[in-house]
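Notes follow once the structure below has been shown.
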Amino acid sequence: MEWPRTVDDAVAMQERLRTQVITTSAPDLRIDTVAGLDVGYRGNDAVAGVCVVFDAKALVVLDEVVVEDTTDFQYIAGLFAFREMPVLLRALDRVTVAPDLLVADGQGLAHPRRFGLACHLGVHTGIPSIGVAKNAMGAFDPPGHARGSMSDLSMDGEVVGRALRTQDGVKPVFVSVGHKIDLDRACAEVLRLAPRYRLPETTRRADTLTKQAASSAGS
DNA sequence: GCGACAG
DNA sequence: ATCTTGTCGC
């Protein structure tokens with residue numbers, strides 16, 4: 001199918017692809033490299049997509065790619081992926097180090113139709129993925145104050161993710177499965193990626209590059 | 001009907 | 001997301 005241009009087509013695509021999401025980890029799932037994906041905006045249609053690949057253990061950058069593009073799809077909560085995916089896929093294509101895990105800046109299963117950006121990226125590429133959002137779409141009880149504390153994130157009476165405290169006393173991040181990984185493993189990876197700050201290093205680096213590109217658009 | 005609503 | 005300086009605090 002070609003990329004949707006209308007809300008109805010986009011929703012239909014999500015309903016169709018949601019059935020392909022896998023919420024368990026392969027027994028031999030090894031995560032040595034992790035990709036952080038993010039998009040920055042300049043005006044309403046200019047976008048800069050970034051894909052940064054980190055060594056999951058050493059937390060050092062192995063490769064990073066910035067791609068500039070434009071978008072037709074306006075921002076609509078729930079249809080976020082249709083605005084950001086095209087650029088992100090282009091950036092992901094140009095990276096020279098294959099990532100074992102994709103970390104999306106947004107939701108995975110914690111989505112109205114259980115198919116957020118992280119799920120879409122995962123199903124499309126076949127690469128394990130997770131969503132790490134700064135804001136929740138569902139309901140949750142505040143997790144404990146200490147780093148590593150977590151609580152269920154629910155929507156329509158079902159657990160769709162977790163509110164995870166990555167640093168003592170900071171606002172939690174919202175983790176949900178994207179594809180080919182289980183929620184426990186997803187949270188463990190986020191904690192490993194965020195040893196010092198609230199957000200994973202992958203997200204922080206991608207975000208920096210994203211704004212850097214957006215502010216120097218045209219040079 | 002009214003408000004809320006990832007980035 | 002974006003428009004935007006200084007400032008409070010560890």
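Chain A is the first sequence line, chain B the second, and so forth, proteins listed ahead of strands; every chain is numbered from 1.
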Using 0.5 Å steps for rounding, measure from the NE2 atom of A:H179 to the CG atom of A:L121.
11.0 Å
Would you mind checking if A:D9 and A:R16 are paired as a salt bridge, meaning a charged N to carboxylate O distance below 4.0 Å?
no
Lys/Arg-Asp/Glu bridge criterion (N-O < 4.0 Å) met for A:R205, A:D38
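The answer is no: the pair does not qualify as a salt bridge.
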Restricting to non-hydrogen atoms, name the atom on A:R198 and the atom on A:V173 that form the minimum distance, rounded to 0.1 Å.
O-CG1, 3.6 Å
Taking all heavy atoms of A:H145 and all of A:R165, pick out the closest pair and write down the distance.
O-CG, 3.8 Å
Hey, mind stepping through A:D63 and A:T96 against side-chain hydrogen bond (donor to acceptor under 3.5 Å, both in side chains) and telling me if it holds?
CA-CA 7 Å; A:D63 192 19; A:T96 61; 2.9 Å; yes
Distances for protein N or O near nucleotides 4-7 of chain B N or O, under 3.5 Å:
{"from": "B:dA6", "atom 1": "OP2", "to": "A:Y75", "atom 2": "OH", "distance (Å)": "2.8"}
{"from": "B:dA6", "atom 1": "O4'", "to": "A:Q107", "atom 2": "NE2", "distance (Å)": "3.4"}
{"from": "B:dA6", "atom 1": "N7", "to": "A:G78", "atom 2": "N", "distance (Å)": "2.9"}
{"from": "B:dA6", "atom 1": "N6", "to": "A:G78", "atom 2": "O", "distance (Å)": "3.2"}
{"from": "B:dA6", "atom 1": "N6", "to": "A:F80", "atom 2": "N", "distance (Å)": "3.3"}
{"from": "B:dA6", "atom 1": "N6", "to": "A:H111", "atom 2": "NE2", "distance (Å)": "3.4"}
{"from": "B:dA6", "atom 1": "N1", "to": "A:L117", "atom 2": "N", "distance (Å)": "3.1"}
{"from": "B:dA6", "atom 1": "N3", "to": "A:Q107", "atom 2": "N", "distance (Å)": "2.8"}
{"from": "B:dG7", "atom 1": "OP1", "to": "A:K134", "atom 2": "N", "distance (Å)": "2.7"}
{"from": "B:dG7", "atom 1": "OP2", "to": "A:N135", "atom 2": "ND2", "distance (Å)": "2.7"}
{"from": "B:dG7", "atom 1": "O3'", "to": "A:D105", "atom 2": "OD2", "distance (Å)": "3.1"}
{"from": "B:dG7", "atom 1": "N7", "to": "A:Y75", "atom 2": "OH", "distance (Å)": "3.2"}

Donor-acceptor pair, side chain of A:T210 and main chain of A:G40, under 3.5 angstrom
yes
Sort me out a list of protein N/O and nucleotides 4-10 of chain C N/O pairs below 3.5 Å, or just none if empty.
none

